[in-house]
Amino acid sequence: MIVAALVGLFLVACKNDGLESLLLDGPELHESLVTLHVDELPLHVLRENPQLSTDAAFVEAVARGSSQGRLDSEGIRAAFYAVYRDESGVDVGFYGLQAASTAEAGRREELLRDIWALNTSLERARVYRSGELLVVAWNGPVSPSCWGAVSSVVAERLGAR
């Protein structure tokens, strides 16, 4: 009961910050997407998909995943992860990080943009920032209409640049 109340308070706090707005089912992003079940995903700390959490192991796993293993969770308060699959079996998803400060978000943003630059140039990924929030959206690649819809929803929900 206490744990549920604390999680509820955390989610209310995150809602104001934007990550909770990304807790979406696949068709809310694009009609061709389905939300994968947790047992279909390799992330061992994932309890649900999508997931938003302050759990240290989860935050560490997402921080490393969003940076292709090059960064850790230092300076990150919460993390978000979601992955979906289109009808042709191709995945699309995003990682979200809530930094402990805007300065930390700025430092992390620069590093993430460098790490994801090649995939961004190939339209396989995008990095978004809104205040202390950072989101990396990626695709396998999915159709341009699906990728455009996912990118639009993420940008709109975050009010990101």
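Quick caveat, the model's predicted, so the values are computed rather than measured. Hydrogens, waters and symmetry mates play no part in the numbers below; they use all other heavy atoms, side chains included. All residue numbers in this chain count up from 1 along the given sequence.
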Exercise. Is there a side-chain contact between Arg64 and Leu71, using heavy atoms and a 4.5 Å cut-off?
Worked result: no
Exercise. Between Asp25 and Glu28, is any pair of side-chain heavy atoms under 4.5 Å apart?
Worked result: yes
Problem set entry | Minimum side-chain heavy-atom gap Arg157-Leu24 below 4.5 Å | yes
Problem set entry | pair Glu40-Arg85: side-chain heavy atoms closer than 4.5 Å | yes
Exercise. Are any of the side-chain heavy atoms of Tyr95 and Ser67 separated by less than 4.5 Å?
Worked result: no
Problem set entry | Side-chain donor-acceptor contact under 3.5 Å, Ser32 with Asp86 | no
Exercise. Any chain of hydrophobic side-chain contacts (each under 4.5 Å) joining Val34 to Val38?
Worked result: no
Exercise. Quick one: does Asp72's side chain have a donor or acceptor within less than 3.5 Å of a partner on Glu60's backbone?
Worked result: no
Exercise. Closest heavy-atom contact between Ala105 and Glu132?
Worked result: CB-CA, 3.8 Å
Exercise. Taking all non-hydrogen atoms of both residues, which atom of Ser130 and which atom of Gly159 are closest, and how far apart?
Worked result: OG-O, 4.0 Å
For this session: May I ask you to test the Tyr81-Leu46 pair for a side-chain heavy-atom distance under 4.5 Å?
Result: yes
Problem set entry | Shortest non-hydrogen contact between Pro50 and Thr35, atoms and distance | CD-CG2, 4.3 Å
For this session: Starting from the C-alpha separation in whole Å, work towards a yes-or-no answer on side chain to side chain contact (heavy atoms under 4.5 Å, CB included) for Trp147 and Val92.
Result: CA-CA 8 Å; Trp147 180 235; Val92 60; 4.0 Å; yes
For this session: Return yes if some donor-acceptor pair links the side-chain N/O of Arg107 with the main-chain N/O of Glu109 below 3.5 Å, else return no.
Result: no
Problem set entry | Interatomic spacing from OG in Ser101 to CZ in Arg108 - rounded to 0.5 Å | 11.0 Å
Seminar exercise, completed: Ala100 and Arg77 have their tightest heavy-atom pair at CA-CG, 3.7 Å
For this session: Would you indicate whether Glu110, at its atom CD, is surrounded by more than 12 heavy atoms from other residues, nucleotides or ligands within a distance under 6.0 Å?
Result: no
Seminar exercise, completed: Interatomic distance, NE2@His30 vs OG@Ser152, rounded to 0.5 Å, equals 10.5 Å
For this session: To the nearest 0.5 angstrom, please state how far the CD atom of Gln51 sits from the CG atom of Leu41.
Result: 10.5 Å
Problem set entry | Interatomic spacing from CZ in Arg129 to CG in Leu97 - rounded to 0.5 Å | 12.0 Å
Problem set entry | Validation row: Val45, Val62 side chains within 4.5 angstrom (heavy atoms) | no
Exercise. Mind checking whether Phe80 and Phe94 have parallel, tilted or perpendicular rings, split at 30° and 60°?
Worked result: parallel
Exercise. Given the rule in the side chain to side chain contact (heavy atoms under 4.5 Å, CB included) test, do Cys146 and Leu33 qualify, once you have shown the distances and angles that lead to the verdict?
Worked result: CA-CA 8 Å; Cys146 181; Leu33 296 176; 3.7 Å; yes
Exercise. Taking all atoms of both residues into account, what is the closest heavy-atom pair of Ala155 and Tyr128, and its distance?
Worked result: CB-CE2, 3.8 Å
Problem set entry | Criterion side chain to side chain contact (heavy atoms under 4.5 Å, CB included) on Gln98 and Ile76, from CA distance to verdict | CA-CA 6 Å; Gln98 181 179 16; Ile76 303 300; 5.7 Å; no
For this session: Decide yes or no for Asn139 and Asp91: does some side-chain heavy atom of the first lie under 4.5 Å from some side-chain heavy atom of the second?
Result: no
Problem set entry | Candidate pair Leu118 and Arg124, rule side chain to side chain contact (heavy atoms under 4.5 Å, CB included), full reasoning | CA-CA 9 Å; Leu118 176 60; Arg124 301 272 315 262; over 6 Å; no
Exercise. What is the distance from atom CD of Glu156 to atom CG of Leu158, rounded to the nearest 0.5 Å?
Worked result: 10.0 Å
Problem set entry | Over all atoms of both residues, closest heavy-atom pair of Leu112 and Val136 | CD1-CG2, 4.1 Å
Exercise. Just by distance, do the side chain of Ser21 and the backbone of Gly18 share a donor-acceptor pair under 3.5 Å?
Worked result: yes
Exercise. So, does Trp116 use its side chain to make a donor-acceptor pair with the main chain of Ser66 at under 3.5 Å?
Worked result: yes
Exercise. Should Glu123 and Arg126 count as an ion pair when the cut-off is N to O under 4.0 Å?
Worked result: yes
For this session: Drop me the distance from Asn49's CG to His37's NE2, to the nearest 0.5 angstrom.
Result: 9.5 Å
